[in-house]
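Below: one structure, written as structure tokens.
Both counts, for ligands and for their atoms, begin at 1 and track the order of listing.
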Amino acid sequence: MTKSNFYDYLLSSEVLKAVNMLSFTNPTKVQEQVIPAILERKDIIVKSQTGSGKTAAFAIPICELVDWEENKPQALVIAPTRELAIQIKEDFFNIGRFKRLKVSAIYGKSPFYIQEKELKQKTHVVVGTPGRIIEHIEKGTIELSKIEYLVIDEADEMLDMGFIEQIETIISCLPKERVTMLLSATMPRALEALCGKYMIEPIHVEIEEQNSATDRIAQEAYIVDQSDKTDLLRDITIIENPDSCIIFCNTKQKVDEVDNVLANLDYTCDKIHGGMEQRDRLSVMNDFKQGYFRYLVATDVAARGIDIDNISLVINYDIPEDGESYVHRIGRTGRIGKMGKAITFVSQDENRFLKDIQHYIGKEILLKERPAKETVNSLKQEFLEKINTMPEIKETKGAQLNKEIMKLHINAGKKTKMRAMDVVGTLCSIEGITKADIGIINILDISTFVEILNDKGELVFNELQKRPIKGRPRKVSKVDEFR
Ligand code: AMP
């Protein structure tokens, strides 16, 4: 039986409130099938594309099912890339917000000891990439004895990246009594074998896209000499004048080069590739999501799974070498039922790639003539006006949830034996404050962070200026940067 309202699933008021505030009015198709199955603790195999709401499909029931009181991680999500791991963490964090769930992301190229410290604290959900999860297992810095829910996301991508053995190693360290979920866009044999080995009578869910990405996206190609590509890029961007655009290149060097060209032309642009520091990659992605600049020059690290709304144009500055990455790249535009446009540059010697792609997507890509100079010139003024206007800044997904939450910093921590119950005790002694108004408490060595929910932050902040915590007045301040 399928349902069409989140209220039908008998979710707790905390999870429902978060779902509402994220503006998820009705479950998507994949959610209709997956949420009830996981709530009944069934193993499940989901064949579905990204953009179908599949992250929330497993995050909603897992947030519902985990036991807040348990300090050790209860859910483990394995994802192929750091970007995806972080995105899934954020989705869990947002959905579990009012249940005060703690979610950690563990991935490479990010300091191990910070993750280690985080994992020592209460953690309900861990999202990680295979390599780093194994590192934590080997060093004994992750506790897996209470894992009840395992999610293997973008399984086909992990197979392509050669992670299957690592996934099996991870599974071998988990309790046998668990719910296992595997999500994948395609289901090659190796994955079927994996499911056969580690799942018990799994439910199969397959969501056919009604209107596939390749149908929703207008696709064009230009034959162009390598040496002419930057000129063509300038002309195309003037003609298309997109609100937001990703330009894909095949190498880091090319990304740097194209980013430089655009910066010299005064485009608001930035870049992302695998050679950059993780911190920089994240901040570029976040700024792009919020619309701080219009043009993102990227390698395939930005092609998969990453959820950015409303990208109007994708340009393949370098043609991808296989159909699958083509589909992933162009799928950044035309998200969730919207129309989009993708333009691919093809140099003379790359014709075979174009043929392969056309074969893969099962249709021809329209070959276009290079735009005439007069056309470009006639549109230049309009283009200049747009690139000289600051784009409209969008709210982040969790912004609505953050509005009624204030994060406070207390100048005391583990070194002064501060415990969560000391903080809760003091806060609940304030008139009008109950446990339900207290969000996540994070106790570090000499600092404690606590979230105050339900718009009661100001009240708590004022009271704590004079009220002692654990016998002494403490310096309490508001944390500006929410996270
Ligand atoms: P995903 O397939 O997990 O990448 O999700 C695609 C997008 O759909 C994300 O931006 C989600 O926040 C959004 N989303 C997930 N579930 C719903 C829903 N029930 N209603 C509206 N948007 C949703």
Side-chain angles (χ1 to χ4, degrees), residues 2-9 11 15-36 38-39 44 46-64 77-97 103 105 125 127 151-157 181-186 205-213 216 244 285-286 288-291 302-311 327-338 340 394-402:
T2 56
K3 305 190 177 182
S4 56
N5 195 310
F6 284 111
Y7 289 91
D8 299 329
Y9 302 131
L11 299 166
V15 171
L16 270 177
K17 181 173 174 186
V19 165
N20 275 333
M21 289 186 82
L22 287 164
S23 309
F24 296 176
T25 18
N26 295 99
T28 62
K29 277 211 171 113
V30 66
Q31 290 163 0
E32 276 186 339
Q33 300 202 41
V34 173
I35 295 176
I38 301 180
L39 287 174
I44 190 161
V46 183
K47 199 168 157 213
S48 164
Q49 305 287 334
T50 52
S52 54
K54 67 182 175 60
T55 315
F58 60 81
I60 290 173
I62 290 178
C63 285
E64 179 66 33
V77 184
I78 315 177
T81 64
R82 293 163 234 157
E83 277 77 11
L84 191 59
I86 289 161
Q87 197 172 288
I88 296 172
K89 173 197 156 156
E90 284 181 358
D91 287 346
F92 264 99
F93 179 79
N94 286 335
I95 293 165
R97 195 73 194 246
V103 190
V125 180
V127 188
V151 182
I152 304 167
D153 197 14
E154 304 244 338
D156 51 348
E157 168 74 345
M181 294 147 254
L182 181 136
L183 299 98
S184 193
T186 56
V205 170
E206 184 166 348
I207 306 294
E208 289 291 338
E209 270 197 279
Q210 280 176 326
N211 194 354
S212 81
R216 278 198 313 269
S244 65
M285 273 326 253
N286 278 338
F288 187 56
K289 278 185 190 178
Q290 284 192 262
R304 285 216 183 224
I306 299 301
D307 174 33
I308 310 175
D309 291 340
N310 294 334
I311 291 172
V327 171
H328 277 289
R329 284 184 182 185
I330 70 166
R332 298 309 94 206
T333 175
R335 304 272 294 162
I336 320 194
K338 295 207 177 81
K394 298 169 213 149
E395 279 195 335
T396 56
K397 286 242 158 67
Q400 200 57 37
L401 282 90
N402 287 346

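- With values rounded to the nearest 0.5 angstrom, D8 atom CG is found 9.5 Å from E32 atom CD.
- Close approach of ligand 1 to N26 (heavy-atom distance below 4.0 Å) involves ligand atoms 18 (C), 19 (N), 20 (N).
- Under 4.0 Å from ligand 1, not a single heavy atom of F58 appears.
- Of the possible polar contacts, none joining the T55 side chain to the I88 backbone as a donor-acceptor pair under 3.5 Å is found.
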Evaluate side-chain contact (heavy atoms from CB on, under 4.5 Å) for E83 paired with Q87, printing each intermediate quantity in order. CA-CA 6 Å; E83 277 77 11; Q87 197 172 288; over 6 Å; no
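- Here the straight-line distance linking atom CD of Q33 with atom CD1 of I38 works out to 12.0 Å at 0.5 Å rounding.
- Any N or O atom pair closer than 3.5 Å counts here, and Q31 shares at least one such pair with ligand 1.
- Among residue pairs with one or both ends in residues 55-64, none qualify as salt bridge (charged side-chain N to carboxylate O under 4.0 Å, His left out); sequence neighbours excluded.
- Some N or O of K54 is nearer than 3.5 Å to an N or O of ligand 1, by distance alone.
- Of the heavy atoms in D91, none comes closer than 4.0 Å to ligand 1.
- For the side chain to side chain contact (heavy atoms under 4.5 Å, CB included) test with V151, the passing option among I78, I62, I44 is I62; the others fail.
- Backbone and side-chain nitrogen or oxygen atoms of T25 are examined, and none is located within less than 3.5 angstrom of a nitrogen or oxygen of ligand 1.
- Residue G53 has at least one N or O atom closer than 3.5 Å to an N or O atom of ligand 1.
- A59 pairs by the side chain to side chain contact (heavy atoms under 4.5 Å, CB included) definition with F92, I95, not counting sequence neighbours.
- When each atom of ligand 1 is checked for a heavy atom of T55 under 4.0 Å away, the hits are 1 (P), 3 (O).
- Taking a cut-off of under 4.0 Å to the non-hydrogen atoms of F6, the atoms of ligand 1 that pass are 19 (N).
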